[in-house]
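The next block holds one structure in the form of structure tokens; read it before the comments.
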Amino acid sequence: MGSLPKTPPVRAQSRGGTLPKRDEAPPWQPMRRNRLKKRNYLIALIAILALVVAACGGDGEGSDTTDGATDTTTAPDTTEGATDTTEAMTSTTTGGDDELIVGVSWNNYNEERWALWDEPAIVAALDEAGATYINSDAGSSAEQQLTDVENLIAQGADALIILAQDGTAILPAVQSALGQGIPVIAYDRLIEDPGALYITFDNVGVGALQAEVIYDLVPEGNYAIIKGNAADANADFLRAGYEQVIGEAVTAGDITVVFEEYTDNWDPALAQTNMEQALTQANNDVQAVLSENDGMAGGVVAALAQQGLDGQIPVSGQDGDQAALNRVALGTQSVSVWKDARELGTAAGQAAVALAQGTALGDVEGVVQFDSPENNSMTSILLTPIAITQDNLDVVVDAGWIDVGTLCQGVEAGSVAVCE
Ligand code: GAL
């Protein structure tokens, strides 16, 4: 296993930037739009049906969040996941009208961050405010999430935080909530409704930070691009960030994108399959991989390892997954763009309480206006990501995000400062 060339010192942390507007769609946009349009018609139809059923109270399954108050310290076991939507983490027993209830609809708990960092931070912020937390898990189903949101409303949610499975399909439920005067927070992923508060990281910046580290290592050669879920706006924001960094080199012919594909549900196993296809198609002649998150980067590195290429081809990622940071220390992954999800959860919990208590969208602390791809001016809270390479692993250790033991597992003595 050859070792990756030393990563250059990390540049300025965030470049910012917005996605191209609808009418100046880059080459990879049109196909996606037609496919999405057909699918959206179908989902909208199902959405209306689901709403009718929910209104007639006949759903019988999905998220019933009232029973089973559990202690608030343990985050749900992510492996449980998909269909178990009954868990409620409440800091107080459900009670009278003056009780403030915040409902959180998770599309799934597949990535470790959601249960390990995001959810506990939201719960702690609600606890701080004496509010009640109820939640649901849609198991990666856009249809289930529609029902979940209606159920959280039926359970008395005074504000909603939604991590959308599909930013378009969720619109009917968001409009229903806003129509009932229930504030909605679009958590981490854009939902194109200006009535919602959008709280996320600078996702174009995340993409640019990834690409900067990889481009510094591989200014010329063949690139494979492993994108996330097509129904998640972040997949295109990250791609736009890549374009900011490698676009010119691609136009100049220094870099060739030999493979580019979306990956359903950001699934690591599907990402591995994508990378295997990329290597087969390119006859292993790939010099760099831009993988949009750490979960998928794990699949990419597994595919490279099958060809004895792991540690030789720079790979990017995001989220600061424990395993990914270990890969950065080992040298099989070059960068993980870290987003302190504790900050995101805290900001969302506090904003949900403020909105439920009547604060106007524009008066929420720290908001800015964000121009969305569909020309909505979204009231937003945008947090700053940090690129983590072998040179600044101390940042995540000092932040209490990972302990040295986990980070440095299997790391050669003397190869990484923070592991000494
Ligand atoms: C994105 C999120 C990432 C990532 C992914 C998969 O929307 O920004 O952090 O992990 O979803 O859940």
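Numbering of ligands and ligand atoms starts at 1, following listing order.
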Counting heavy atoms under 4.0 Å, the part of Arg113 that contacts ligand 1 is side chain

Within the 4.0 Å heavy-atom cut-off, what Asp188 brings close to ligand 1 is side chain

When rounded to the nearest 0.5 Å, the distance separating CH2 of Trp117 from CD of Glu343 is 12.5 Å

CD (Gln333) and CD (Gln390) are apart, to the nearest 0.5 Å, by 11.0 Å

Heavy-atom proximity to atom 6 (C) of ligand 1, picking from Met296, Glu111, Gln318, points to Glu111

In Asn293, Thr273, Leu270, the residue satisfying side-chain contact (heavy atoms from CB on, under 4.5 Å) with Thr263 is Leu270

Of the options Val174, Val184, Leu160, which is the one that meets Val149 in a side-chain contact (heavy atoms from CB on, under 4.5 Å)?
->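 By the side-chain contact (heavy atoms from CB on, under 4.5 Å) criterion, Val149 pairs with just one of Val174, Val184, Leu160: Leu160.
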
Q) Polar-atom distance check: Asn203 versus ligand 1, any N or O pair below 3.5 Å? A)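 No: no nitrogen or oxygen of Asn203 is under 3.5 Å from one in ligand 1.
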
Interfacing atoms of ligand 1 (cut-off 4.0 Å, heavy-atom, [X]):
| X | result |
| --- | --- |
| Arg189 | 1 (C), 5 (C), 6 (C), 7 (O), 11 (O), 12 (O) |
| Asp232 | 1 (C), 7 (O), 11 (O) |
| Lys339 | 2 (C), 3 (C), 8 (O), 9 (O) |
| Trp114 | 12 (O) |

Q: Keeping the roles fixed (side chain from Glu248, backbone from Gln244), state whether a donor-acceptor pair exists under 3.5 Å.
A: no

> Can any side-chain N or O of Asn222 pair as donor or acceptor with the backbone N or O of Asp285 at less than 3.5 Å?
Replying inline: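 Yes; judged by distance alone, with no hydrogens or angles, the pair exists.
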
How far is atom 9 (O) of ligand 1 from its nearest protein heavy atom, and which residue and atom name does that atom have?
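Sorting protein heavy atoms by distance from atom 9 (O) of ligand 1 puts Asp319 OD1, 2.5 Å first.
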
- In sequence, state the C-alpha distance, the side-chain angles, and the governing distance for Asp137 and Asn108, and then conclude on side chain to side chain donor-acceptor pair (under 3.5 Å). CA-CA 5 Å; Asp137 175 354; Asn108 64 40; over 6 Å; no

